[in-house]
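For reference, the structure discussed in these notes is given below.
Source: prediction; values computed, not measured. So that the names make sense, note that chain A is the first sequence line, chain B the second, and so on, each numbered from 1.
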Amino acid sequence: MNLDEQLKAALNLEAEMVQTPIPDTQHVIKGGQDRRRRRNAMWAGGGVAAALVLVAGLFGITQLDGDSDSAPYVTVTPTGSVSPSVTPSEPLTFPGQDAPNREVDPGTYRLAVGQRLDTSSIEADLTVARQGWIGQDLPTFEARNQYGGAGAQQINFLPGKADHCGPVDASWEAARRTAATNVRTLADQFARLPNGTVLQPITDTRAFGRDALHLRMRIHDDCDPAAGTSYIVSESTRGALYIGYKEVSAQDVIVDLLFIDVDGTPVVAFYWHQQGVDPALVAEVTSARDSITFVPATE
Amino acid sequence: MGLDDDFTEFVEARWPALFRLAYLLTASPTAAEDLLQSTLEKAYVKWSRIHTMEHPEAYVRRMLANNLVSNRRRAWRGEQPTEHLPEIDHGSEEMPALDRALLWPLVCALPERQRAVIVLRYYEDLSEHEIAEALGCAPGTVKSQTFSAMKALRRALTATGIGEAVGEA
């Protein structure tokens with residue numbers, strides 16, 4: 001008997017030997033109903049963003065397609081002319097570091113983005129439409145072992161050429177560059193990220209109801225996952241933005257960035273995804289990024 | 001028959017078989033129950049679609065494997081394959097024959113993804129392509145995981161001195 005046959009026999013025997021508990025079908029159904037209810041509730045709660053998506057649809061705005069690095073950039077500009085069909089509930093919060101691996105339900109989540117000059121918090125609401133998001137301040141989306149993400153961040157530092165691989169340690173800190181405090185210079189800094197290739201140069205646009213700059217980069221992430229390192233695109237007071245969810249060394253990641261000024265503070269709203277991923281994943285992270293609404297200072 | 005009745009009938013009929021697969025995937029009765037519970041909850045949400053499939057159980061079995069992968073995705077990023085499987089307690093003089101009691105602990109000691117690949121291949125009889133689809137990875141990844149798992153198992157068996165018993169030494 002060779003090992004293949006032995007394995008087959010051993011697994012079948014082990015499976016037969018294990019004591020099978022009695023199913024609690026009602027518990028399963030209740031769990032399923034709760035999942036469905038949570039999902040529906042989140043959709044209702046995301047009314048404002050859903051309305052924006054509707055506006056985008058009405059105006060014929062299309063999603064960026066999967067892997068087309070040269071696809072035209074399309075921004076969704078909130079018009080404020082469409083009222084949500086339901087009263088939005090309070091935004092949710094991502095579990096963050098308390099449960100960084102927890103998958104969150106679809107819905108609208110409030111992100112801590114940074115701090116204004118007057119030290120008040122900059123926050124933004126982001127809507128995720130599908131299952132598959134992992135809850136963090138810089139949320140990550142996964143589908144079938146392909147990764148992407150979206151969010152908004154006030155940048156403090158960018159990686160330096162000497163060490164762009166996380167974690168943030170003494171070596172990374174020694175190499176890092178301090179982020180510019182105006183939008184255009186910050187965009188220029190991003191355009192010079194280590195291992196970066198500019199796919200779409202910095203252009204003026206409108207986003208989130210504001211003047212904005214758009215930049216799309218391809219980053220070659222050559223950090224070693226076996227050593228626990230991943231490329232860090234940027235660092236803020238809220239943490240570092242890693243783009244290296246992978247199991248193999250070396251990959252290319254597309255990072256799409258919108259630079260805006262929030263009451264005098266430059267902020268980057270972004271999505272990223274591994275190159276070559278399913279177009280549905282790209283659509284999901286694009287939609288999430290474009291759903292962002294910044295919370296007014298007075299709120 | 002309503003959808004809930006149909007789902008209930010499915011769960012009650014297929015629970016033992018699904019649990020056995022979940023147990024082999026997780027190597028733990030408790031984890032198996034958790035995995036199966038969460039997978040069936042997800043199946044319930046999609047049941048209107050699943051129950052029209054030609055082989056709903058096959059689909060749910062793939063969901064089980066995929067759910068395991070999804071639950072572990074972040075942990076796997078830093079996972080290091082086990083270089084040295086634990087020593088096997090021969091227990092008695094009657095161990096030269098390779099049996100479940102010897103081989104199963106070795107399978108349990110494999111990294112989770114390697115174990116999943118082995119279970120799907122040798123228990124579920126899935127092809128490399130089908131395993132890749134179930135786990136959401138490339139067929140090449142399945143091949144390399146299988147290779148690593150088999151290498152680790154052979155190494156452990158050789159260390160116990162019974163590799164020759166299975167013609168693998």
Does A:D24 form a side chain to side chain contact (heavy atoms under 4.5 Å, CB included) with B:Q37? I'd like the steps, not just the answer. CA-CA 9 Å; A:D24 184 348; B:Q37 167 84 19; 5.7 Å; no
Applying side chain to side chain contact (heavy atoms under 4.5 Å, CB included), run through A:V28 and B:L36 and close with a yes or a no. CA-CA 9 Å; A:V28 171; B:L36 184 51; over 6 Å; no
Can you name the nearest heavy-atom pair linking [X] to [Y], along with the distance?
{"X": "A:A15", "Y": "B:R20", "result": "O-CD, 2.8 Å"}
{"X": "A:P23", "Y": "B:W15", "result": "CB-CD2, 3.2 Å"}
{"X": "A:Q19", "Y": "B:F19", "result": "O-CE2, 3.6 Å"}
{"X": "B:I118", "Y": "A:L11", "result": "O-CD1, 4.0 Å"}
{"X": "A:T20", "Y": "B:P16", "result": "CG2-CA, 3.7 Å"}

When rounded to the nearest 0.5 angstrom, what is the spacing between [atom1] in [X] and [atom2] in [Y]?
{"X": "A:M17", "Y": "B:Y23", "atom1": "CE", "atom2": "OH", "value": "9.5 Å"}
{"X": "B:R154", "Y": "A:L3", "atom1": "CZ", "atom2": "CG", "value": "5.5 Å"}
{"X": "A:E5", "Y": "B:Y122", "atom1": "CD", "atom2": "OH", "value": "10.0 Å"}
{"X": "B:F7", "Y": "A:T25", "atom1": "CZ", "atom2": "OG1", "value": "8.0 Å"}

Got a sec, which residues hit side-chain contact (heavy atoms from CB on, under 4.5 Å) with B:S127, two or more places apart in sequence or on another chain?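 Residues passing side-chain contact (heavy atoms from CB on, under 4.5 Å) with B:S127: B:H129, B:E130.
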Using non-hydrogen atoms only, which part of B:L40 is less than 4.5 Å away from chain A: side chain, backbone, both, or neither?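 Both parts, backbone and side chain.
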Taking it one step at a time, do A:I29 and B:E41 satisfy side chain to side chain contact (heavy atoms under 4.5 Å, CB included)? CA-CA 7 Å; A:I29 289 177; B:E41 286 176 7; over 6 Å; no
For A:E14 and B:Y123, what are the C-alpha separation, side-chain angles and deciding distance, and is it a side chain to side chain donor-acceptor pair (under 3.5 Å)? CA-CA 10 Å; A:E14 185 64 29; B:Y123 182 69; over 6 Å; no
Salt bridge (Lys or Arg N to Asp or Glu O under 4.0 Å) partners for B:K151, two or more places apart: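 None.
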Full working for side chain to side chain contact (heavy atoms under 4.5 Å, CB included) between B:D4 and A:Q33: CA-CA 10 Å; B:D4 277 13; A:Q33 288 170 337; 3.8 Å; yes
